[in-house]
S.K.: 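Below is a structure I'd like to ask you about.
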Amino acid sequence: MAPRAEIPAVREALLGWYREHRRDLPWRRSRDPYGVWVSEVMLQQTRVDTVVPYHRRFLERFPTVEALARAPEAEVLAVWSGLGYYRRARLLHQGARAVVERHAARVPDTFALLRALPGVGDYTAGAIGSIAYGLPVPVVDGNVERVLTRLHTLRGDPRASPGKSLLRALAARYAEHPAPGEVNQALMELGALVCAPSAPKCLLCPVKAHCGALAAGEPERYPEKRARAAPRPERWSALVATLDDKVWLVPSDLGRWTAMLLPPMVERDHTARQVVSSLGMSGIVRAVREAGAVTHVLTHASMRVKVFVGELLREPSRGELVARGALGGRAVPKVTLKVLEAALGVL
DNA sequence: TACGCGTGGTA
DNA sequence: TTACCAAGCGT
């Protein structure tokens, strides 16, 4: 099916708008492929405003791909702490090591070699390739998906085949241009600032004259994506055990926080007596009492965590005692901070 | 293909 | 408040 919108005309209007309205973002101030790579991984499923301070800190701490490759994973996770989707950090770290080993510490400049790096999928390979190296390759993220399905009135679920490959082919035609990185960023920027999921600002849109969905009076009908299941409720009990000014944390064996530091916790709705027994802490904690509850919502689960506090009688043989002031330098997810705050007051 | 993976912003 | 969902990836 031939798209209705004329691609060269849309692209020029889009580029003109982008030159005028592009946000001044840290990773747009240079084309350093490593800096672009870090930004693209951080931006996966994460808002720009959230990423900005993390990107700055990350590049201060790991200014080059070699510096990142040299670092222990725990340090990388510590800098990533709070950003979420921690597997991204592990894969970026593995990717940096792969670049040092396979490509003499130079971020590769072909789509295929980028795509072969850990944590780099079609989107990220396209973004690094087009933005850092000017390769005429497409990107299809949530923004591009929304902008192009609306412009070209593409029906059906764009995440399923054949919608996915049609969309990618269409985006590839937009990227056939001397400045593919600008075109790709312009498509994403329009999706972020104007062509929003709900209440799009069509009156301000530089390509409104070309938009099939607007002409039909139903821009919000697109994209026709499947609804996501609600997070399933989970009931947890956590025990915050203290020794002087330190708290006892253990490396998590949950997939979502593998090896990151959490208070001992169990997926049960327990009493104080039960949580001590269930966690095998009889004989090493005393004065255990309930200290409230916290809620932590993830994509696929909604955790309600009952928080218990107790005093350690001695140093445990596993896990580690961490001073409250030292949490900032460690690999600690938000749920740990929430539970500790409920147990101990403001950290 | 469908699911698991964090966190926070917005309506 | 609930629901959606944001510059996705790996399995």
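Just so it is clear: chains get the letters A, B, ... in the order the sequence lines come, proteins before strands, and each one is counted from 1.
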S.K.: Name all residues meeting the ring-ring contact (aromatic ring centres under 6.0 Å, His included) criterion together with A/H300; count only those two or more places apart in sequence or in a different chain, and write none if there are none.
M.R.: none

S.K.: Would you indicate what A/V144 reaches in the nucleic acid, counting non-hydrogen atoms under 4.0 angstrom: base, sugar-phosphate, or nothing?
M.R.: nothing

S.K.: What residues form a salt bridge (charged side-chain N to carboxylate O under 4.0 Å, His left out) with A/E145, not counting sequence neighbours?
M.R.: A/R159, A/K225

S.K.: Please identify each residue that fulfils ring-ring contact (aromatic ring centres under 6.0 Å, His included) with A/F62, with sequence neighbours left out.
M.R.: A/F58

S.K.: Please give the distance between the P atoms of B/dA2 and C/dA7 as a whole number of Å.
M.R.: 23 Å

S.K.: Strictly by ring-ring contact (aromatic ring centres under 6.0 Å, His included), give each pair with a member in residues 123-151 of chain A just once, sequence neighbours left out.
M.R.: none

S.K.: List, one per line, each side-chain donor-acceptor pair under 3.5 Å for residues 68-79 of chain A, sequence neighbours excluded.
M.R.:
unit_1	atom_1	unit_2	atom_2	d
A/E73	OE1	A/R90	NH1	2.9
A/E75	OE1	A/R61	NH2	2.0

S.K.: Over 60° means perpendicular and under 30° means parallel, so tell me whether A/H55 and A/W27 are parallel, tilted or perpendicular.
M.R.: perpendicular

S.K.: Taking only residues two or more places apart in sequence, or in another chain, which ones meet A/W236 in a ring-ring contact (aromatic ring centres under 6.0 Å, His included)?
M.R.: none

S.K.: A/W37: which residues meet the ring-ring contact (aromatic ring centres under 6.0 Å, His included) condition with it, sequence neighbours left out?
M.R.: none

S.K.: Provide, to the nearest angstrom, the distance between the CG atom belonging to A/L92 and the C1' atom belonging to B/dC5.
M.R.: 17 Å

S.K.: With a cut-off of less than 4.0 Å, is there a side-chain N or O of A/H296 near OP1 or OP2 of B/dT7?
M.R.: yes

S.K.: Do A/Q185 and A/R28 have a side chain donor and acceptor closer than 3.5 Å?
M.R.: yes

S.K.: Pick the C1' atom in C/dA6 and in B/dT1, then give their distance to the nearest Å.
M.R.: 23 Å

S.K.: Whole-Å distance between C/dC4 C1' and A/L298 CG?
M.R.: 16 Å

S.K.: In whole Å, I'd like the distance from the CZ atom of A/R304 to the P atom of C/dT1.
M.R.: 14 Å

S.K.: Judged by each residue's nearest nucleotide on DNA chain B, which is more toward the 5′ side, A/V297 or A/R232?
M.R.: A/R232

S.K.: When you measure from every atom of DNA chain C, which of residues 50-79 of chain A have a heavy atom less than 4.0 Å away?
M.R.: none

S.K.: Can you tell me the distance, in whole Å, between the NE2 atom of A/H300 and the C1' atom of C/dA3?
M.R.: 15 Å

S.K.: How does each nucleotide of nucleotides 6-11 of chain C score, in 5' to 3' order, for protein heavy atoms under 4.0 Å: base (B), sugar-phosphate only (S), or none (-)?
M.R.: BBBBS-

S.K.: In whole angstrom, give me the gap between the P atoms of C/dT2 and B/dC5.
M.R.: 22 Å

S.K.: Are any of A/W257's side-chain N or O atoms less than 4.0 Å away from OP1 or OP2 of B/dT7?
M.R.: yes

